Chemist: 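So that we are looking at the same thing, I have put the structure below in structure tokens.
We're numbering straight along the sequence, starting at 1. Every value quoted in this text rests on a predicted model; they were computed, and no experiment measured them.
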Amino acid sequence: MKTGIHPDYQEIEVTCSCGNTFKTRSTLGKPLHIEVCAACHPFYTGKQKIVDTAGRVEKFRQKYGQKKPAATA
């Protein structure tokens, strides 16, 4: 690495809108405020909404008049 051309890499504090704070390293150089973190994101907290794809397909078929596929013999 060449000396003197890289930005200063230092420790900063990250604050989430939920109130969670943690420290990380960055070239930003000032505290960072974020909207979602691992403590409040639905995927990590287990409160993720599950999409019912079968219901969506059935709704599409009803809307556009498509029948269920016939069973083959």
Side-chain angles (χ1 to χ4, degrees):
M1 269 187 1
K2 290 185 179 180
T3 59
I5 64 168
H6 299 286
D8 190 23
Y9 195 60
Q10 54 191 318
E11 189 172 276
I12 63 166
E13 186 168 319
V14 180
T15 305
C16 180
S17 60
C18 71
N20 187 32
T21 61
F22 57 93
K23 293 193 182 276
T24 188
R25 294 181 54 87
S26 173
T27 58
L28 186 62
K30 60 182 181 180
L32 180 65
H33 298 280
I34 58 175
E35 294 179 15
V36 180
C37 68
C40 63
H41 192 280
F43 181 79
Y44 296 111
T45 60
K47 297 178 182 175
Q48 182 177 9
K49 183 178 179 183
I50 298 172
V51 177
D52 179 19
T53 55
R56 297 177 89 190
V57 170
E58 193 60 39
K59 184 177 178 181
F60 177 84
R61 287 183 177 153
Q62 288 176 357
K63 183 175 181 179
Y64 294 103
Q66 294 180 353
K67 297 179 183 177
K68 290 184 180 179
T72 57

Chemist: Apply side-chain contact (heavy atoms from CB on, under 4.5 Å) to T24 and list each qualifying residue two or more places apart in sequence or on a separate chain.
Modeler: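 For T24 the side-chain contact (heavy atoms from CB on, under 4.5 Å) partners, ignoring immediate neighbours, are I12, V14.
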Chemist: Restricting to side-chain contact (heavy atoms from CB on, under 4.5 Å), what partner residues turn up for Q10, sequence neighbours left out?
Modeler: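 D8.
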Chemist: Whether E13 and K23 form a salt bridge (side-chain N of Lys/Arg under 4.0 Å from carboxylate O of Asp/Glu) is what I want to check.
Modeler: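 Salt bridge between K23 and E13, a charged N being under 4.0 Å from a carboxylate O: yes.
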Chemist: Under the salt bridge (charged side-chain N to carboxylate O under 4.0 Å, His left out) definition, can you give me all pairs with a residue in residues 34-43, not counting sequence neighbours?
Modeler: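 Sorted result for residues 34-43: empty, none.
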Chemist: Quick one: side-chain contact (heavy atoms from CB on, under 4.5 Å) partners of K30, sequence neighbours excluded?
Modeler: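 L28.
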